[in-house]
Amino acid sequence: SAHPCVPPGPSGGGRRSPHHPWDLEPCCAGPLACPEPVGQNKLDIGDILQQIMTITDQSLDEAQAKKHALNCHRMKPALFSVLCEIKEKTGLSMRNTQEEEPQDPQLVRLDNMLLAEGVAGPEKGGGAAAAVSAATSSGGMSPDSSLEHSDYKSKLSQIRSIYHTELEKYEQACTEFTTHVMNLLREQSRTRPVTPREIERMVAIIHRKFSSIQTQLKQSTCEAVMILRSRFLDARRKRRNFSKQATEVLNEYFYSHLSNPYPSEEAKEELAKQCGITVSQVSNWFGNKRIRYKKNIGKFQEEANLYAMKTALGARQGDDSPHTPNSTGN
DNA sequence: TACAATGATTCATA
DNA sequence: TATGAATCATTGTA
């Protein structure tokens with residue numbers, strides 16, 4: 001009852017011809033060599049799809065053989081173009097899903113820091129110089145620090161070289177892996193439609209993964225630099241006691257203002273000048289002195305008496321010695 | 001070498 | 001923001 005022009009459905013029948021393409025014997029002779037009735041084509045396609053679906057369940061050799069057979073199959077170009085069409089249609093919906101994302105702010109910060117420290121970018125020792133200048137400006141740096149400076153520089157250059165070696169390794173691995181995947185996709189594009197855009201996306205995914213590894217490397221490098229810097233800049237590590245004369249000046253002020261040992265900003269500046277130290281060092285000294293005195297007044301009694309006597313002696317001599325102005329007096 | 005002294009830092013608070 | 005309190009890291013000394 002079927003019209004001779006209406007081919008049977010894909011699931012209809014299923015009786016294979018003796019020279020059926022699903023035997024997957026390469027049919028390299030082409031369609032002319034193995035003529036098939038027109039109605040058979042839909043059946044062919046259904047079976048080809050079935051074969052493709054099950055190809056992953058087969059062993060490598062089997063799959064390879066089947067792949068080769070499929071590549072040579074006379075229906076392949078037609079099927080391929082259909083797949084391309086379907087893919088193009090579905091591809092449209094995901095076209096807008098993935099666009100170039102903005103640069104990771106954390107990575108930007110890491111890059112900037114590595115650049116500022118002289119780890120990334122051209123070698124010039126800028127980071128070390130910056131550290132030194134920072135140390136000197138903070139007031140805690142002794143002038144004869146060239147030894148420590150070179151120590152810092154050598155350690156920084158160690159970090160730098162490790163960083164660059166690792167970075168190079170990662171970049172090489174990334175390139176190798178990308179090439180491998182691209183080759184794989186190109187190879188696959190012979191049997192399934194793989195658009196250049198798809199390859200691009202895959203490459204982008206790989207780069208993202210590798211860049212996250214790179215971020216970790218940058219993070220640990222930053223940590224190493226921070227530790228190095230903190231060790232280098234930590235003034236506690238190169239503490240020098242003040243001169244005897246400076247301590248004397250500070251103690252004189254402290255004990256002569258015992259009821260209110262809080263020098264004004266001007267007094268601090270004056271004391272700093274007299275002692276050859278910075279104002280913040282004067283502040284530190286008074287901070288420490290106050291707390292330590294308060295904690296153990298008994299221990300400081302002798303010292304207090306000594307300076308009280310000194311002050312009294314100075315006052316009796318009547319000389320208008322250039323002492324710092326009494327802030328509150330008592 | 002242990003330990004006290006001391007200058008500096010950090011953190012909480014008023 | 002100055003100060004107190006705790007703590008760190010080094011120096012000085014017995």
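Please read these numbers as outputs of a predicted model, since none were measured by experiment. Side chains included, hydrogens not; waters and symmetry mates left out as well; all remaining heavy atoms used. Proteins get letters first, then strands, A, B, ... in listed order; numbering begins at 1 in each.
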### Summary
With a 4.0 Å cut-off (strictly under) to non-hydrogen atoms of chain A, the first and last hit nts on DNA chain C, 5' to 3', are dT3(C) to dG12(C)

### Message
Under 4.0 Å, heavy atom to any atom of DNA chain C: which of residues 289-296 of chain A qualify?
### Response
R290(A), I291(A), R292(A), K294(A), K295(A)

### Spacing of Q281(A) atom CD relative to dG7(B) atom P, expressed in whole Å
9 Å

#### Entry: Salt-bridge criterion met for E198(A) and R201(A) (N-O under 4.0 Å)
no

### Task
Answer yes if the side chains of N241(A) and R239(A) hold a donor-acceptor pair under 3.5 Å, and no otherwise.
yes

### Task
Answer yes or no: is there a donor N or O on one side and an acceptor on the other, between the side chain of S211(A) and the main chain of Q214(A), under 3.5 Å?
no

### Task
Write down the distance between CD1 (I277(A)) and P (dT6(B)), rounded to a whole number of angstrom.
14 Å

### Summary
Judged by nearest nucleotide, the residue sitting upstream toward the 5' end of DNA chain C, G287(A) or R239(A), is G287(A)

### Query
If you take atom types as modelled and just measure distance, does the side chain of N241(A) reach the base of dA5(B) with a donor-acceptor pair under 3.5 Å?
no

### Message
Under 4.5 Å between side-chain heavy atoms, counting indirect links through other Ile/Leu/Val/Met/Phe/Trp/Tyr residues: same cluster for V181(A) and V203(A) or not?
### Response
yes

### Query
Aromatic ring centroids of Y253(A) and F286(A) under 6.0 Å?
yes

### Query
Angle class for the Y293(A)/F300(A) ring planes (parallel below 30°, perpendicular above 60°, tilted otherwise)?
tilted

#### Entry: side chain to side chain donor-acceptor pair (under 3.5 Å) involving E248(A) - partner list, sequence neighbours excluded
K310(A)

### Query
Do side-chain atoms of H164(A) reach the backbone of R160(A) as a donor and acceptor pair under 3.5 angstrom?
yes

### Message
Rounded to whole Å, how long is the line connecting atom CG of L271(A) with atom P of dG7(B)?
### Response
14 Å

### Task
Please report, rounded to the nearest Å, how far the C1' atom of dA5(B) is from the CZ atom of R240(A).
16 Å

